[in-house]
There are 2 protein chains.
Amino acid sequence: MSNTPQRVPDTKERILDAAEKLFGQNGFTATSLRDITAEAGVNLAAVNYHFQTKESLFEAAIARRMEPVNRRRIELLDAAGANPTLEQILLAFLSPLFVRHPNEAIGLMSQILATPDSFVRQLFKKHLAGVVNRFVEALQQALPNLTRTEILWRLHFTAGSMAHLMARGSVLPEISEGLCNPSDRPAVLARLVTFAAAGFRADAWGGDAGLGGEAA
Amino acid sequence: MSNTPQRVPDTKERILDAAEKLFGQNGFTATSLRDITAEAGVNLAAVNYHFQTKESLFEAAIARRMEPVNRRRIELLDAAGANPTLEQILLAFLSPLFVRHPNEAIGLMSQILATPDSFVRQLFKKHLAGVVNRFVEALQQALPNLTRTEILWRLHFTAGSMAHLMARGSVLPEISEGLCNPSDRPAVLARLVTFAAAGFRADAWGGDAGLGGEAA
DNA sequence: GTCTATAGGTTGATAGAC
DNA sequence: GTCTATCAACCTATAGAC
């Protein structure tokens, strides 16, 4: 009876849940430890007892969600076999970000992209470098006409579309006057994969394609 | 002699320059007015005298760069004539963001996307709603097979690629081990337009294209 | 318009009782 | 492990001399 499946979250976990929610909504600096402890219903001193500093709490909150996402990405890529299609590769990379977590962990990870401080960039690199290399290899195999440089650029563009979706998807119903509905996740994922796959399949830019400076 | 071309910036302008630089680098909440006045070499009270509050200083800094960008976007779209190509439309939308400003104003505007507070979203909408409508119309004309919904989604994806480039382009040389060089702006712009144009030209997703849940 | 000084509030982190 | 109480530092904004 000490670890029943439906146990009540302990203090440490409650802090992580609240941190994930509030950091994800408002970012690192705009969220105070007092906001977090109030949301979690725990004492202020508990956060320092369990996590020492605000920074390491942020790291812990990110790592808790990032690790399963990256594990799932590799799983899906492996499951697609030795010669995955472009769509399979993109789905393996993107779909683990579309699962719904209790506190919308997605917002938290989108904040990583928006936090300029160096410690967050290091953390991002630490958690993603290996995964990115694995996916670049798969993409090179699926798109032999593209250089590694070109693939890295296009993966960056794709990650940007995804990050923007996570960070700002909620404003889309407003600016589209109801036409775009980000809460239909399978449809959004399919749209993103369609868009990115076509972008990846475009002929590589060869130095100048008449797009030099400006239009006209 | 009161308004010679190479005048020295006055206090108000020095504050705006410093605010643009620091807000762009570190975001709104992580930047204090003391950081800004120190960078500008002016007194702390000057910022309240000229801009009242920190929030309205942020708004002023954004508006100063946003307005010329949006004016240039419309100019370029108009200059492309009555039936612009997809590439001309995308260049009109994206290229004004690639001009170099003294303090890298681009970082500032990428922070808008990363700032969750409602006042920034309103400000973003206020400055962009009209421009977006104009570009959606042009895109619909160039891509008659796409619904307005589909165009809005793909414009959102494109804006995400652009925003990610502005906000996180500086990490690309690191994670690409030198392969990707974001400082070659014409090349980056051409790559982004190539990628986005192919994405826009993809067949519309019709409800389910075998990309339902996950890979495999 | 520009300064000094300071009010008034919030923050992250810790000390120490229980 | 969890609490109360508190410290020292920082913040935005303003009042008032010049």
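First the proteins, then the strands, lettered A, B, ... as listed; each starts at 1.
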*Does a side-chain N-to-carboxylate-O contact under 4.0 Å join A:R72 and A:E75?*
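Here A:R72 pairs with A:E75 in a salt bridge, since their nearest N and O are under 4.0 Å apart.
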If I take atom [atom1] in residue [X] and atom [atom2] in nucleotide [N], what distance separates them, rounded to the nearest angstrom?
X     : N      : atom1 : atom2 : answer
A:N48 : C:dG12 : CG    : P     : 9 Å
B:F51 : D:dT14 : CZ    : P     : 15 Å
B:Q52 : D:dA15 : CD    : P     : 13 Å

*Contact pattern, 5' to 3', of nucleotides 1-11 of chain D - B, S or - by protein heavy atom under 4.0 Å*: BBBB------B
*Close aromatic pair by centroid cut-off 6.0 Å: A:H164 and B:H156*: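 Yes, they do, as the ring centres are separated by less than 6.0 Å.
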*Test the A:R73-A:F93 pair against the cation-pi criterion, namely NZ or CZ under 6.0 angstrom from the six-membered ring centroid and within 45° of the ring axis.*
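Output yes; distance and angle both within limits.
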*Taking only residues two or more places apart in sequence, or in another chain, which ones meet A:K126 in a side-chain contact (heavy atoms from CB on, under 4.5 Å)?*
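Result, side-chain contact (heavy atoms from CB on, under 4.5 Å) vs A:K126: none returned.
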*Not counting sequence neighbours, which residues clear side-chain hydrogen bond (donor to acceptor under 3.5 Å, both in side chains) with B:T147? List them please.*
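Residues passing side-chain hydrogen bond (donor to acceptor under 3.5 Å, both in side chains) with B:T147: none at all.
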